[in-house]
Amino acid sequence: MNMSLTPKRVVCLSAEAADWLWRIGAWDNVVGMTAFFTLPADAPPKPRVSGFSTARMKEIEALTPDLIITFSDVQAEFTAELIKHGFPVLATNQRTLAETEATLSLLGRVVGREEESERLLAEFRERLAPVKIAANSPRVYFEEWDDPFISGIGWVGELIDRAGGTDIFPELRKNRAARERVISSEQICRANPEIIFASWCGKPVHADTVSSRPGWAEIAAVRACRIYEIPGEDILQPGFRLIYGYERLKEIVCRK
């Protein structure tokens with residue numbers, strides 16, 4: 001990439017992009033970020049100019065960005081507004097582990113950090129290596145939202161498989177939009193998961209709330225008290241931090 005064209009004033013409206021630019025040494029290029037990025041202790045703070053589905057246009061404009069990075073269909077509306085205002089926008093919509101890796105590689109090239117990016121991507125691949133699948137692979141349900149019930153997105157199902165579990169709704173993981181992964185309580189009860197994971201997009205998960213749902217008392221995971229929360233930044237943001245969510249999945253799925 002021609003370094004003269006490397007963006008010097010980047011606004012990251014997606015947490016996984018902000019995290020990646022910090023990790024590959026491009027944090028000095030960042031001038032604004034989403035409120036959903038957990039700032040590392042050694043990273044200088046930057047103005048928080050968006051939520052996940054909202055953006056403060058005047059504050060973004062005041063930062064005079066030469067690139068804005070957005071993510072997913074949820075941000076489509078204000079991404080279109082940013083483009084209408086003349087801003088250069090890179091909108092990503094990764095839904096699988098392969099797409100996540102390709103996106104991180106792209107971001108590294110965009111900011112001229114290919115070498116650092118490829119080094120970390122090698123670690124990403126290594127740490128997401130599948131475990132040896134046991135004969136008695138436990139049935140796993142991942143809940144992305146609780147009202148309505150939404151099953152896990154594509155990369156989550158892939159991580160469950162790699163961790164040695166059996167995703168109880170594998171046919172839904174290909175559905176890229178959350179509304180296409182809505183399921184009923186009856187479907188979950190029939191599938192009878194042995195482990196339940198939940199991450200509700202920033203809302204805390206309470207195991208007793210899950211276990212007290214009507215008709216859930218006989219679910220194997222409820223009877224065995226195997227209901228676990230995984231922090232959203234480690235499982236719902238398709239970037240490097242998926243390695244931490246995967247470590248948590250493996251720890252529990254492989255537990256005897």
What about [X] and [Y], same hydrophobic cluster or not, with Ile/Leu/Val/Met/Phe/Trp/Tyr joined at side-chain heavy-atom distances under 4.5 Å?
X	Y	result
Phe142	Val131	yes
Leu159	Ile153	yes
Trp216	Val205	yes
Trp155	Val253	yes
Leu63	Leu67	no

Separation of [Y] [atom2] from [X] [atom1] (nearest 0.5 Å):
X	Y	atom1	atom2	answer
Leu104	Gln94	CG	CD	7.0 Å
Thr54	Leu13	OG1	CG	9.5 Å
Ile196	Glu229	CD1	CD	13.5 Å
Trp145	Ser151	CH2	OG	15.0 Å
Arg181	Arg176	CZ	CZ	10.5 Å
Ile183	Ile188	CD1	CD1	4.0 Å

Below 3.5 Å, can you tabulate the donor-acceptor pairs from side chains in residues 29-47 to any protein atom, sequence neighbours excluded?
| unit_1 | atom_1 | unit_2 | atom_2 | d |
| --- | --- | --- | --- | --- |
| Asn29 | ND2 | Pro7 | O | 2.9 |
| Thr34 | OG1 | Phe36 | N | 3.1 |
| Thr34 | OG1 | Gly51 | O | 3.3 |
| Lys46 | NZ | Trp27 | O | 2.7 |
| Lys46 | NZ | Val30 | O | 2.5 |

Can you give each donor-acceptor pair under 3.5 Å made by side-chain atoms of residues 230-241, sequence neighbours left out, with the distance rounded to 0.1 Å?
| unit_1 | atom_1 | unit_2 | atom_2 | d |
| --- | --- | --- | --- | --- |
| Asp234 | OD1 | Arg241 | NE | 2.9 |
| Asp234 | OD1 | Arg241 | NH2 | 2.7 |

SB check [X] [Y] (cutoff 4.0 Å):
X	Y	value
Asp147	Lys203	no
Arg139	Glu194	yes
Glu81	Lys84	yes
Arg95	Glu180	no

To check you understand the geometry: which heavy-atom pair defines the closest contact between [X] and [Y], and what is its length?
X	Y	answer
Asp208	Ser211	O-OG, 3.2 Å
Asp73	Asn93	N-OD1, 3.6 Å
Tyr246	Ala129	OH-O, 2.7 Å

Contacts under 3.5 angstrom, residues 118-125 side chains, donor-acceptor by atom type, not counting sequence neighbours:
| unit_1 | atom_1 | unit_2 | atom_2 | d |
| --- | --- | --- | --- | --- |
| Glu118 | OE2 | Ser105 | OG | 3.2 |
| Glu123 | OE2 | Arg127 | NH1 | 2.7 |
| Arg125 | NH1 | Glu101 | OE2 | 2.4 |

Using the test ring-ring contact (aromatic ring centres under 6.0 Å, His included), find all partners of Trp200 that sit at least two apart in sequence or belong to another chain.
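Partners of Trp200 under the ring-ring contact (aromatic ring centres under 6.0 Å, His included) test: none.
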With heavy-atom distances below 4.5 Å as the criterion, would you say the side chains of [X] and [Y] are in contact?
X	Y	answer
Thr209	Asp146	no
Phe71	Thr103	no
Pro130	Asp161	no

By side-chain hydrogen bond (donor to acceptor under 3.5 Å, both in side chains) - contacts of Glu115 (at least two apart)
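By the side-chain hydrogen bond (donor to acceptor under 3.5 Å, both in side chains) rule, Glu115 matches no residue at all.
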Arg248 vs Glu251, salt bridge (Lys or Arg N to Asp or Glu O under 4.0 Å): CA-CA, chis, key distance, verdict
CA-CA 5 Å; Arg248 181 63 171 152; Glu251 173 191 350; 3.2 Å; yes
Quick one: which residue pairs count as a side chain to side chain donor-acceptor pair (under 3.5 Å) with a foot in residues 62-71, not counting sequence neighbours?
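Applying side chain to side chain donor-acceptor pair (under 3.5 Å) to every pair that reaches into residues 62-71, excluding sequence neighbours, yields Arg9-Thr64, Thr70-Thr79.
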